[in-house]
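Because the structure is a prediction, the values reported are computed rather than measured.
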Amino acid sequence: MTNALVLGFCAIISLVVAPCSISAQPTRAFFVFGDSLVDSGNNDFLATTARADAPPYGIDFPSHRPTGRFSNGLNIPDLISLELGLEPTLPYLSPLLVGEKLLIGANFASAGIGILNDTGIQFLNIIHIYKQLKLFQEYQLRLSAHIGPEGARNLVNRALVLITLGGNDFVNNYYLVPYSARSRQFSLPDYVRYLISEYRKVLRRLYDLGTRRVLVTGTGPMGCVPAELAMRSRTGDCDVELQRAAALFNPQLVEMLNALNEEVGSQVFIAANAYRMHMDFVSNPRAYGFVTSKIACCGQGPYNGIGLCTPASNLCPNRDLYAFWDPFHPSEKANRIIVQQILRGTNEYMHPMNLTTIMDLDSMT
């Protein structure tokens with residue numbers, strides 16, 4: 001991404017959603033950790049097969065070019081930034097992330113990763129979650145050199161954080177192949193408990209690194225994405241086993257976040273019910289303006305769910321009519337629906353409060 005592209009990004013999308021200024025210091029930094037649902041281009045800088053650097057990715061981005069986002073256009077972090085009136089965060093590996101840009105925050109996410117380090121090993125060189133946290137430490141040193149240690153500490157303490165993990169630990173690990181190593185090691189309930197215990201360590205480390213407002217998304221309806229329909233469904237119904245995995249994981253995640261908040265004595269960790277947010281339009285796509293939630297816009301094979309989205313793939317002419325952009329990832333329009341629930345959703349979607357309430361509360365301190 002070039003400086004011109006960043007300027008163009010702000011100029012075009014701020015006309016639609018929110019103000020966005022290159023020169024103004026943001027009122028709040030934003031940090032992003034996780035997988036391909038929130039990766040804004042770090043994997044473009046890595047020797048990995050998990051990348052979105054070729055058309056038609058980015059076809060509806062302001063530049064109409066691929067940016068490393070696994071989307072036809074904007075992803076969830078972009079849309080949160082816009083709603084808050086902030087400049088979108090740059091990938092941490094971007095050479096443009098220097099000087100005043102450090103004050104905006106950074107995106108450390110990397111497609112293919114999970115809670116566990118052995119998740120996504122087939123993608124080779126990706127930034128596993130503990131490496132993302134090490135890069136966050138490195139970022140804080142760079143920030144301290146720029147604005148001083150106290151300024152850096154205050155910026156991180158006041159920042160908003162989004163972390164999205166867990167889905168790949170099922171689809172690209174436990175259920176990747178029949179009789180996978182993890183499925184031989186654990187029953188599904190035991191595996192979920194293990195994931196939750198490991199995720200707790202990650203989140204506690206994030207807290208110890210100074211973060212105090214962390215949005216934590218659960219897994220979506222993994223059995224309903226076009227890739228899993230293509231591989232596992234004969235009737236077009238969501239895969240029962242993957243749905244069972246989500247049904248076990250998500251409630252335990254909320255319980256763990258509640259316990260962590262009690263431990264630290266504050267509402268640091270906010271649970272986003274990604275399963276419910278997705279199922280709204282998966283189960284009733286026409287109510288949200290979609291013609292389908294089963295067929296991906298870009299792909300091939302049954303449900304356009306086989307393989308990757310490439311220049312040779314089938315491509316729908318109107319991405320706004322499809323809930324899924326590619327075999328695994330929501331379209332920009334679906335991302336907008338999700339972000340509206342993050343911002344304004346009831347306790348069924350955001351626990352114990354939504355992002356708008358968080359921003360209002362924090363503005364008083």
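- Side-chain atoms of Arg69 and Ser71 include no donor-acceptor pair closer than 3.5 Å.
- Side-chain atoms of Asn172 and Thr119 include no donor-acceptor pair closer than 3.5 Å.
- Counting only N and O atoms by type, the side chains of Gln185 and Tyr194 include no donor and acceptor under 3.5 Å apart.
- Centroid-to-centroid, the aromatic rings of Phe324 and Tyr303 stay 6.0 Å apart or farther.
- Leu209 and Leu133 get closest at one heavy-atom pair: CD1-O, 3.9 Å.
- Ring pair Phe170/Tyr191 is perpendicular by interplanar angle, where above 60° counts as perpendicular and below 30° as parallel.
- Between Arg336 and Gln340, the side chains place no donor N or O within less than 3.5 Å of an acceptor N or O (distance only, hydrogens not considered).
- Between Cys224 and Cys238 the SG-SG gap is short of 2.5 angstrom.
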Inset, instruction - Could you go through the salt bridge (Lys or Arg N to Asp or Glu O under 4.0 Å) check for Glu138 and Lys131 one step at a time? - result: CA-CA 10 Å; Glu138 179 182 285; Lys131 178 63 182 294; over 6 Å; no
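- Within 6.0 Å of CD1 on Ile121 lie no more than 12 heavy atoms contributed by other residues, nucleotides or ligands.
- Cation-pi geometry between Arg182 and Tyr174 is not satisfied (NZ or CZ under 6.0 Å from the ring centre, within 45° of the ring normal).
- With hydrogens and angles left out, the side-chain atoms of His329 and Asn75 include no donor and acceptor closer than 3.5 Å.
- Between the side chains of Gln300 and Ser313, at least one donor N or O lies within less than 3.5 Å of an accepting N or O.
- Pro327 and Cys298 get closest at one heavy-atom pair: CD-O, 3.5 Å.
- Here the two rings, on Tyr275 and His278, have centers that are 6.0 Å apart or farther.
- The residue from Thr217, Ile337, Val282, Ile342 that alone fulfils the side chain to side chain contact (heavy atoms under 4.5 Å, CB included) condition with Met277 is Ile342.
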Inset, instruction - Output, in order, the C-alpha distance, side-chain angles, deciding distance and verdict of ring-ring contact (aromatic ring centres under 6.0 Å, His included) for Tyr57 and Trp325. - result: CA-CA 9 Å; Tyr57 283 99; Trp325 155 245; 5.8 Å; yes
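- Counted by atom type alone, Asp360 and Thr357 present zero donor-acceptor pairs between their side chains at under 3.5 Å.
- In this structure, the ring of Tyr322 has its center no less than 6.0 angstrom from the ring center of Phe290.
- Below 30°, between 30° and 60°, or above 60°: for Phe136 and Phe33 the angle between ring planes is above 60°, a perpendicular geometry.
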